[in-house]
Amino acid sequence: MENYLEINRKSWNAKVEPHLKSDFYFVDEFLKGRTSLNSIELGLLGDVKGKTILHLQCHFGQDSISLSRMGAKVTGIDLSDKAIEAGRDLAKQCNTDTEFICSDVYDLPTILDKKFDIVFTSYGTIGWLPDLEKWANVIDHCLKPGGQFVMAEFHPVVWMFDDDFKDIAYNYFNEKPIAETYEGTYADFSAEIVQDYVMWNHSLSEVMQNLVDKNMVIEKFQEFDWSPYPCFKHIEEFEKGKWRAEKFGNKIPMVYALSAQKSHRNDDFFYI
């Protein structure tokens, strides 16, 4: 869909105000020092002190700022101009030097002439991108040789189900754009907003093969039968900070995460 960027920009702009006010994003606690990062991504990121990090699709930047608080030099990018404005305001209130840039992911190579130690993306990001080959190209472009890509994302099995986890409503594979209208938002189901949006489902093989094709060496890959966020309907908290679909319990994956390293040279994989 040629106009998907404008549709989704409007959708995410509409989310910013209700998200800032929601318990989901706990902004008051965040301003007092609470991190927004979870054990899943922290385990893959390791010690980031002194490292440069590019955070793709950062929304209003809580994770970006949390990484800054850990001692990293962070640049967050997002399609939503209202989210970027809110991120800059949060960073100012948190007294961090986090940089924010309003940009579509695919445009980054034309506006950001910089290489990073780490490229990071997390939770509900790649579904807004139609082409993961282009996405992998951007990651490759923005990483230093030997740099690390870290990703935590909702599992594609989850996106096969309807919102009530009753039926399989969508294809596991990237068959076509999913263009729908949604009332409320994952952070506040009762929010009085109605949004059009366009998304794409991406299989695990699509994600990993496009990274491998850019000579990214996948070092860790993990799947989890829980979500760190209560952003779906009909889910239950079985341990503090861990949610599962009520209907399935631990029978389906909810999240996956991976860490990959950019090869120092294009032919590294030929050497043993």
Pair Leu211-Leu258, side chain to side chain contact (heavy atoms under 4.5 Å, CB included): steps then yes or no: CA-CA 11 Å; Leu211 293 172; Leu258 64 84; 4.0 Å; yes
Met254/Phe154 under side chain to side chain contact (heavy atoms under 4.5 Å, CB included): CA gap, chis, key distance, verdict: CA-CA 6 Å; Met254 299 289 291; Phe154 295 113; 5.9 Å; no
ring-ring contact (aromatic ring centres under 6.0 Å, His included) evaluation trace for Phe60 with Tyr25: CA-CA 10 Å; Phe60 48 75; Tyr25 282 102; 5.0 Å; yes
From CA spacing to verdict: side chain to side chain contact (heavy atoms under 4.5 Å, CB included), Asn38, Tyr123: CA-CA 11 Å; Asn38 303 293; Tyr123 304 105; 3.7 Å; yes
Asn171/Asn201 under side chain to side chain contact (heavy atoms under 4.5 Å, CB included): CA gap, chis, key distance, verdict: CA-CA 7 Å; Asn171 197 324; Asn201 282 351; 5.6 Å; no
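Nearest heavy atoms, Leu44 versus Gln148: O-NE2, 3.2 Å. Contact detail for Val119 and Cys142: the closest heavy-atom pair is CG2-CB, 4.2 Å. Closest heavy-atom contact between Asn174 and His202: ND2-CE1, 3.4 Å. Here the closest non-hydrogen pair linking Thr125 and Gln57 is O-NE2, 2.8 Å. When all heavy atoms are compared, the tightest approach of Gly76 to Ser64 is CA-OG, 3.9 Å. The minimum heavy-atom distance linking Pro18 with Ala191 is given by the pair CB-CB, 4.2 Å.
For Asp23, there are no side-chain hydrogen bond (donor to acceptor under 3.5 Å, both in side chains) partners two or more places apart in sequence or in a different chain. For Glu246, there are no side-chain hydrogen bond (donor to acceptor under 3.5 Å, both in side chains) partners, not counting sequence neighbours.
At least one donor-acceptor pair closer than 3.5 Å links the side chain of Glu153 to the backbone N or O of Ile126. Put simply, the side chain of Trp243 never gets that close to the backbone of Glu239: no donor and acceptor are under 3.5 Å apart. Checked by atom type and distance alone, the side chain of Lys21 never pairs as donor or acceptor with a backbone atom of Val27 at under 3.5 Å. Judged purely by atom type and a 3.5 angstrom limit, Glu41 has no side-chain atom pairing as donor or acceptor with the backbone of Ala152. Between the side chain of Ser66 and the backbone N or O of Gln62 there is at least one donor-acceptor pair closer than 3.5 Å. In terms of modelled atom types and a separation under 3.5 Å, the side chain of Tyr170 and the main chain of Trp200 share no donor-acceptor contact. Remark: the backbone N or O of Asp167 is paired with a side-chain donor or acceptor of Asp162 at under 3.5 angstrom. A donor-acceptor distance shorter than 3.5 angstrom exists from the side chain of Asp117 to the backbone of Thr52, with no hydrogens or angles considered. Using a distance-only test at 3.5 Å, with no hydrogens or angles considered, no donor-acceptor pair links the side chain of Glu183 to the main chain of Phe189. In this structure, the side chain of Ser103 does not engage the main chain of Val105 through any donor-acceptor pair within 3.5 Å.
Checked against a 6.0 Å centroid threshold, the rings of Tyr172 and His155 do not count as neighbours. You'll find the ring centres of Tyr186 and Tyr229 outside the 6.0 Å limit. Between Tyr256 and Phe224, the gap from one ring centroid to the other reaches at least 6.0 Å.
At a threshold of 4.5 Å between non-hydrogen side-chain atoms, the residues Pro230 and Ile235 count as touching. Looking at Leu108 and Leu56, their side chains come closer than 4.5 Å, going by heavy atoms from C-beta outward. Residues Ile53 and Lys73 have side chains not in contact (no heavy-atom distance under 4.5 Å, counting atoms from C-beta outward). Residues Phe232 and Asp163 have side chains not in contact (no heavy-atom distance under 4.5 Å, counting atoms from C-beta outward). Annotation: side chain of Glu17 is not in contact with side chain of Leu20 (no heavy-atom distance under 4.5 Å).
With salt bridges taken as basic N to acidic carboxylate O contacts below 4.0 Å, one links Arg9 and Glu6.
A cation-pi arrangement is present between Arg244 and Phe238, with the terminal nitrogen or guanidinium carbon under 6.0 Å from the aromatic centre and inside a 45° cone about the axis. Cation-pi geometry between Arg69 and Phe30 is met: the NZ or CZ atom falls under 6.0 Å from the ring centre, inside 45° of the normal. Remark: Lys247 is not positioned above the aromatic ring of Phe165, lacking an NZ or CZ atom under 6.0 angstrom from the ring centre and at most 45 degrees off the axis.
For the residue pair Asp89/Gln93, the side-chain donor-acceptor check at 3.5 Å is satisfied. For the residue pair Ser22 and Asp188, no side-chain donor N or O sits within less than 3.5 Å of a side-chain acceptor on the partner. With 3.5 Å as the limit, one finds no donor-acceptor pair spanning the side chains of Asp78 and His59. A donor and an acceptor atom, one from each side chain of Asn215 and Lys262, are nowhere located under 3.5 Å apart. Between the side chains of Lys15 and Gln195, at least one donor N or O lies within less than 3.5 Å of an accepting N or O.
Checking each of Trp135, Phe120, Phe116 against Phe149 for a ring-ring contact (aromatic ring centres under 6.0 Å, His included) leaves exactly one that passes, namely Trp135. Screening Thr98, Thr96, Asp63, Asn95 against Ser68 for a side-chain hydrogen bond (donor to acceptor under 3.5 Å, both in side chains) leaves a single residue, Thr98.
For the atom pair OG1 of Thr110 and NE2 of His141, the computed distance is 8.5 Å after rounding to the nearest 0.5 Å. Leu37 contributes atom CG, which lies 5.0 Å from atom CG of Leu42 (distance to the nearest 0.5 angstrom). Note: Ser259 OG to Leu45 CG = 8.0 Å, rounded to the nearest 0.5 Å. For the atom pair Lys134 NZ and Asn210 CG, the distance stands at 12.5 Å (nearest 0.5 Å). Residue Leu67 holds its CG atom at 7.5 Å from NE2 of His55, rounded to the nearest 0.5 Å.
Using a 30° and 60° split on the angle between ring planes, Phe161 and Phe248 fall in the tilted class, from 30° to 60°.
Other residues, nucleotides and ligands contribute more than 12 heavy atoms inside 6.0 Å of the CD atom of Glu180. Within 6.0 Å of NZ on Lys92 lie no more than 12 heavy atoms contributed by other residues, nucleotides or ligands. Within a 6.0 Å radius of NZ in Lys10, other residues, nucleotides and ligands contribute 12 heavy atoms or fewer. More than 12 heavy atoms of other residues, nucleotides or ligands sit less than 6.0 Å from atom CD of Glu206. For Asp97, the CG atom is densely surrounded, since the number of other residues' heavy atoms within 6.0 Å is greater than 12.
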